[in-house]
Amino acid sequence: MTDQSPAAAGPAPSDFIRDIVAADLAEKRQSRIVTRFPPEPNGYLHIGHAKSICLNFGIARENGGICNLRMDDTNPAKEEVEYVDSITADVAWLISGWADHCLGLKPKGRTPGSVVSEGRADSYLGPAAPGEPSEPFFASDYFEQLYAYAVTLIEKGKAYVCDLSAEETDAYRGAPDQPGRDSPWRNRPVSENLDLFARMRAGEFPDGARSLRARIDMAAPNVWLRDPLLYRIRHTAHHHAGDKWRIYPLYDYAHCLSDYLEGITHSICTLEFVDHRPLYDWILENLGLPRALPHQYEFAKLMPTYTVVSKRKLIELVRDGIVSGWDDPRMPTISGTRRRGIPASALRRFVTGVGVTKFRSLTDIALFEHAIREELNATAARRLAVLRPVKLVLTNIAPGEVVECQATDNPQDENPTMRVIPLTREVLIESDDFAEVPPPKYFRLRPGGEVRLKYACIIACTEVVKDAQGGITELRCTADLSTRAGGENAARKVKGTIHWVSATLCAEAEVRLYDRLFTVPEPAEEEDIRKCINPNSLETVVAKLEPSLADARLEERFQFERLGYFSLDPVESKPGKPVFNRTITLRDQWAK
RNA sequence: UGCCUGGUGGUGUAAUGGUAGCACAGCAGAUUCUGACUCUGCUUGUCUAGGUUCGACUCCUAGCCGGGCAGCCA
């Protein structure tokens with residue numbers, strides 16, 4: 001349950017929201033911190049959500065609190081069970097081994113119960129006890145309670161049923177720089193409002209015929225205070241609540257009260273909700289609730305370069321078949337990230353490393369790549385694999401002879417383990433590790449030149465064999481076995497060391513090489529994102545692998561030396577027919 | 001011309017009245033049986049103008065520039 005990664009060993013993050021939390025604790029405004037992560041189940045989670053998850057769970061974790069996972073499902077037209085399942089799985093994966101103990105789930109099937117707070121009737125829904133059957137919280141589980149609160153608002157003269165159409169409502173709202181006008185239904189008697197609202201619930205009116213509105217101020221400078229809608233009529237079944245509702249609450253109304261019902265202390269969201277905060281507070285304050293009220297705080301969402309993080313654009317990529325699905329390894333979704341082989345710890349390190357501010361920043365994706373490499377460099381087992389092979393014959397090794405070479409699994413370990421790789425007469429090397437006419441400063445193999453075969457010995461190229469078209473068919477070399485580890489010339493230096501595999505004793509696999517999906521730093525700013533799709537974002541090759549890779553397991557992470565980090569594709573790799581994904585290349589100064 | 005919000009190197013982020021620091025990126029070098037990792041060095045910054053102060057990224061005033069807001073979406 002403890003995180004052994006370097007990121008966890010470092011100092012706890014600090015930002016303006018954590019400062020507020022710390023002050024609330026120090027000044028006893030709160031005794032226990034409860035945050036929440038409230039996605040709408042209408043799409044898959046992406047790395048932008050990962051920042052919010054790590055912020056909310058991180059704050060809970062650092063303060064001995066919990067973070068509720070809540071489906072913000074108040075719009076039945078857009079939401080699906082598929083999404084609640086993927087969201088639940090993605091959150092579990094991201095926090096696994098780091099904040100599992102902070103995950104707030106509710107008792108399965110439970111809705112808010114009656115409690116007494118400060119001597120007054122109240123409602124509350126807390127998290128499930130350990131071991132108890134549980135599921136995420138759902139805003140739709142609060143519909144009954146939300147309805148009761150709405151009745152209270154009506155009784156207090158703070159809400160009314162409005163008969164204006166959607167278009168009329170827009171017109172009456174005015175513009176940001178000019179006040180709106182009161183709805184003609186604004187001063188409807190309480191009894192009539194109560195009756196109409198009950199009949200809205202009963203399904204007596206068609207979609208859009210009426211709405212329930214807060215009675216605030218049509219001249220408010222903040223447009224969200226101009227009698228915002230609380231409920232709309234929707235004759236639609238709900239994926240979680242079933243078919244018993246004909247009216248559904250809107251976000252602004254449902255969210256603050258969901259927070260209250262769960263005893264949330266700090267409701268953390270992104271910047272676009274700043275304008276809604278006065279409404280968040282208005283609803284809670286005007287209900288005269290007995291317990292301490294939650295407070296909303298806003299931060300800037302994560303916007304990485306060379307990708308998009310908007311559900312609408314992500315949905316387009318999936319729908320238009322530009323990627324294979326939500327979990328395509330090129331997608332910035334959490335499921336795509338996972339399938340790509342990126343460790344959850346690397347994603348966490350990245351999203352917490354960028355910090356939390358109110359500045360709308362563009363984060364260089366290189367920060368993510370760095371976090372991935374840092375994590376994988378420390379943990380991935382080194383292996384040899386050749387992506388684009390060219391044959392090389394070691395003329396002084398007899399056919400059938402096998403020279404066993406000791407190879408280090410991970411030089412980053414204090415006591416690295418070893419394995420054996422077979423060297424045979426015929427080996428395969430990377431085609432661009434040989435150059436007939438080498439560019440300046442090229443220190444790999446060339447005609448008449450020398451290079452070391454990693455973990456084996458130094459070889460010298462004696463002959464380049466070509467076919468009739470001039471294509472290279474094989475390289476003939478001599479191996480200096482005295483330069484093997486332990487040999488009398490083991491210390492001999494040559495400029496280059498290259499990777500290789502035996503041509504006769506090797507495994508084979510499909511390897512998928514990924515590159516960034518977009519060619520421009522800010523694809524979201526383009527008029528049409530299809531025009532800046534990187535045509536080379538996926539290249540598939542059939543690679544030759546050292547024999548041990550035939551036994552690779554799904555959860556293992558490898559560094560194919562000098563190439564990058566790889567792991568098995570969890571969806572399409574099959575026993576006997578392995579498929580590897582390249583998670584990321586190694587940093588490459590030479591390529592620049 | 002309404003309301004909200006924000007401006008620190010190329011990017012992100014610290015410094016909350018006391019030496020502008022860190023990470024990434026870039027460049028140069030060292031090291032290397034991975035052109036990886038590691039190590040060293042370097043380039044580049046407080047939006048502007050006033051004011052307060054011994055001293056201002058920080059406080060005040062006025063500007064400038066950017067982002068968001070008028071869904072019966074969240």
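Order of the sequence lines fixes the chain letters, A, B, ..., with proteins taken first and strands second; residue numbering starts at 1 for each chain.
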Tell me the interatomic distance from [X], atom [atom1], to [N], atom [atom2], rounded to whole angstroms.
X	N	atom1	atom2	answer
A:E40	B:G71	CD	C1'	12 Å
A:L250	B:G71	CG	P	12 Å
A:Q412	B:U38	CD	C1'	8 Å
A:E546	B:U34	CD	C1'	14 Å

Can you tell me how far [atom1] in [N] sits from the matching atom in [M], rounded to whole Å?
N	M	atom1	answer
B:C22	B:A14	C1'	7 Å
B:A15	B:A23	C1'	15 Å
B:A25	B:G45	C1'	15 Å
B:A56	B:A49	C1'	15 Å
B:U46	B:G12	P	16 Å
B:C59	B:G6	P	12 Å
B:C47	B:A28	C1'	33 Å
B:A62	B:G2	P	15 Å

Open item on the list: When you compare the ring of A:W590 with the six-membered ring of B:G35's base, are the centres less than 5.5 Å apart and the planes under 30° from each other?
Closed with: yes

Open item on the list: If you assign each of A:V274 and A:R562 to its closest nucleotide in RNA chain B, which residue comes earlier from the 5' end?
Closed with: A:V274

Between [X] and [N], does any side-chain N or O lie under 4.0 Å from OP1 or OP2?
X	N	value
A:S361	B:U13	yes
A:T74	B:A74	yes
A:R360	B:U11	no
A:R210	B:C72	no
A:R277	B:C3	no
A:T363	B:G12	no

Task: A:Y172 six-ring centre to A:R181 NZ/CZ under 6.0 Å and within 45° of normal - done: yes

TODO: Return the stems involving RNA chain B, sorted by first number, where pairs are Watson-Crick (N1-N3 with N6-O4 or O6-N4) or G-U wobble (N1-O2 and O6-N3), both under 3.5 Å, and runs are 3 or more long.
DONE: B:2-7 with B:64-69, B:10-13 with B:21-24, B:26-30 with B:38-42, B:47-51 with B:59-63

- [ ] Quick one, give me the B/S/- string for nucleotides 25-33 of chain B, reading 5' to 3', where B means a protein heavy atom under 4.0 Å from the base and S means that only happens at the primed atoms, P, OP1 or OP2.
- [x] SS------B

TODO: Would you mind classifying the nucleic acid contact of A:Q178 as base, sugar-phosphate or nothing, using non-hydrogen atoms under 4.0 angstrom?
DONE: nothing

Open item on the list: Over all strands shown, is A:T357 touching base, sugar-phosphate only, or nothing at heavy-atom distances under 4.0 angstrom?
Closed with: sugar-phosphate

TODO: Taking syn as within 90° of 0 and anti otherwise, name the glycosidic form of B:G26.
DONE: anti

Task: Cationic N near anionic O, under 4.0 Å, A:R36 to A:E262 - done: no

Task: Presence of donor-acceptor pair under 3.5 Å, side chain of A:E298 and base of B:U5 - done: no

Open item on the list: Please determine whether any donor N or O and acceptor N or O are separated by less than 3.5 Å between the side chain of A:D275 and the base of B:G68.
Closed with: yes

Open item on the list: Looking only at the side chain of A:R444 (C-beta and beyond, no hydrogens), which of the listed nucleotides B:G35, B:A70, B:A74 gets closest?
Closed with: B:G35

